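The block underneath contains the structure these notes are about, expressed in structure tokens.
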There are 2 protein chains.
Amino acid sequence: MTLPELSSGADLPPAVADAGLLEDGIRSAGLKVTAPRLAVLGALTDRPHATADALFSAVRADLPGTSLQAIYGVLASFTTAGIVRKIEPAGSAALFERRVGDNHHHIVCTRCGVVHDVDCAVGHSPCLTPVDALGFDVRAAEVIYWGLCAQCQSETALP
Amino acid sequence: MTLPELSSGADLPPAVADAGLLEDGIRSAGLKVTAPRLAVLGALTDRPHATADALFSAVRADLPGTSLQAIYGVLASFTTAGIVRKIEPAGSAALFERRVGDNHHHIVCTRCGVVHDVDCAVGHSPCLTPVDALGFDVRAAEVIYWGLCAQCQSETALP
DNA sequence: ACCATTGTTTTGAATCACTCAAAACAAGAT
DNA sequence: ATCTTGTTTTGAGTGATTCAAAACAATGGT
């Protein structure tokens, strides 16, 4: 089989050296380094906004025995550990991304569903303050922009 | 049974006169006025952020034969007609509210899940413009604030 | 290097929120 | 009063996600 080597990242080609970076990320989050975890994190690097199911398909290519529940488990542990962020746009399955720590937002195409990152106007969290927080201790402001992506605009404009 | 009267709103007690207002709202949206629709709109007036299931329970009290599918159907027609707004906070079932037309946002307690309306920081829709819209034609900006409500703050602070 | 501990993954099933479709029914127009 | 069209009921089905128990594997200690 063509599983990635879990140990010894020295004197190996770039693709596997990257796996070493992934490994560090997982380990320094206090999590055990496993093949499914490396595979999910690698797949998520290639797909910045992926569903659990998309990651499942991607991971299966390298690790055929992996279960969908393992993907959910990996994503839950990553999300809890703070090395992955889960976003849940209305009307679609949850998406996961590696970009964490900054306070960026998302723009979603209402037609094709493509998602892109949008930098926050203010750099820190929460980047917006409600006019009246009603006594809440506000910890985060989540912003999702909805609209048509450039490609869908041109396709929609056709006769 | 104790169904609300569907016709003749004159010389009736306030509760039924209100039903007349609900009726007008439904009719002027171009929808047929039915008992389930009146009941859903009435229940939604009392519960500004309700799930389909909560409305189902509420409606059943007055209209015991009503099905959950009818609630979903009513809410879909109301949402399409623009007299009800659907919001879908991460991790919970969809919520419905009667407050439409303005561009307000929501603040959700991460502990107890209570939802309140928050006026928009800027008055119009989209109330925020992304720094770089990436070629998107932005139609809406959806903001959800997450935090602890006043009550959960005090309960969490206990030893 | 081996073993024990603890955490992870597999396997299998179940749940929740929601949607679909056909038939029965009722509101509103004529 | 009748007809048309839209609504609700009835019944079934789906997709995304979660739960639980048993098998398994990664790290820490010996």
Side-chain angles (χ1 to χ4, degrees), chain A residues 3-8 19 22-41 50-57 59-60 62-81 83 86-96 113, chain B residues 3-8 19 22-24 26-41 50-57 59-60 62-81 83-84 86-96 113:
Chain A
L3 300 188
E5 276 294 326
L6 297 193
S7 49
S8 72
L22 299 179
E23 189 175 333
D24 291 346
I26 295 168
R27 201 183 303 278
S28 55
L31 298 169
K32 287 182 180 174
V33 177
T34 67
R37 285 180 174 171
L38 284 171
V40 167
L41 203 53
T51 61
D53 206 60
L55 293 169
F56 178 50
S57 300
V59 166
R60 281 219 142 176
D62 285 338
L63 244 41
T66 312
S67 67
L68 178 57
Q69 287 81 343
I71 306 297
Y72 278 107
V74 167
L75 290 170
S77 64
F78 283 178
T79 303
T80 304
I83 63 172
K86 181 184 190 180
I87 61 176
E88 297 172 63
S92 92
L95 300 173
F96 297 86
Chain B
L3 299 189
E5 275 296 325
L6 296 193
S7 51
S8 73
L22 299 179
E23 188 173 334
D24 291 346
I26 295 168
R27 200 182 305 277
S28 54
L31 299 169
K32 287 183 180 174
V33 177
T34 67
R37 285 179 174 172
L38 284 171
V40 168
L41 203 53
T51 61
D53 207 61
L55 293 168
F56 178 50
S57 300
V59 166
R60 282 217 140 177
D62 285 340
L63 243 42
T66 311
S67 67
L68 178 58
Q69 286 79 344
I71 306 297
Y72 278 109
V74 166
L75 290 171
S77 64
F78 283 178
T79 303
T80 304
I83 61 171
V84 157
K86 181 184 189 180
I87 60 176
E88 297 171 62
S92 92
L95 300 173
F96 297 87

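A, B, ... follow the sequence lines: proteins, then strands. Residue 1 opens every chain. The structure displayed is predicted, hence computed values, not measured ones.
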**Request:** Determine yes or no for a side-chain-to-main-chain donor-acceptor pair under 3.5 angstrom, with B:E23 supplying the side chain and B:V33 the backbone.
**Result:**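 The answer is no, because no donor-acceptor pair under 3.5 Å joins these two groups.
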
Rounded to whole Å, please give me the gap between [atom1] in [X] and [atom2] in [N].
X: B:L31; N: D:dG6; atom1: CG; atom2: C1'; value: 10 Å
X: A:L38; N: D:dA25; atom1: CG; atom2: P; value: 16 Å
X: B:I26; N: D:dT7; atom1: CD1; atom2: P; value: 11 Å
X: B:D53; N: C:dT19; atom1: CG; atom2: P; value: 14 Å
X: A:L55; N: D:dT17; atom1: CG; atom2: C1'; value: 15 Å
X: B:F56; N: C:dC16; atom1: CZ; atom2: P; value: 15 Å
X: A:K32; N: D:dG28; atom1: NZ; atom2: C1'; value: 10 Å
X: A:E88; N: C:dA17; atom1: CD; atom2: C1'; value: 13 Å

Looking at every heavy atom in both [X] and [Y], which two are closest together, and how far apart are they?
X: B:G91; Y: A:E88; value: N-OE1, 3.1 Å
X: B:F56; Y: B:T66; value: CE1-O, 3.2 Å
X: A:P89; Y: A:L95; value: CG-CD1, 4.0 Å
X: A:A54; Y: A:A50; value: CB-CB, 4.4 Å

**Message:** If you apply the rule side-chain contact (heavy atoms from CB on, under 4.5 Å), what do you find for B:F78 with B:R37, and how did you get there?
**Reply:** CA-CA 9 Å; B:F78 283 178; B:R37 285 179 174 172; 3.8 Å; yes

Verify the contact: side-chain N or O of [X] to OP1 or OP2 of [N], cut-off strictly under 4.0 Å; return yes or no.
X: B:T34; N: D:dT8; answer: yes
X: A:R27; N: D:dT27; answer: yes
X: B:R37; N: C:dA27; answer: no

**Asked** Which parts of residues 66-75 of chain A get close to DNA chain C, meaning a heavy atom less than 4.0 angstrom away?
**Response**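 By residue number: A:T66, A:S67, A:Q69, A:A70, A:V74.
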
**Request:** State, yes or no, whether a side-chain contact exists between B:L63 and B:P36 at a heavy-atom distance under 4.5 Å.
**Result:**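 Yes, at least one pair of side-chain atoms sits under 4.5 Å.
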
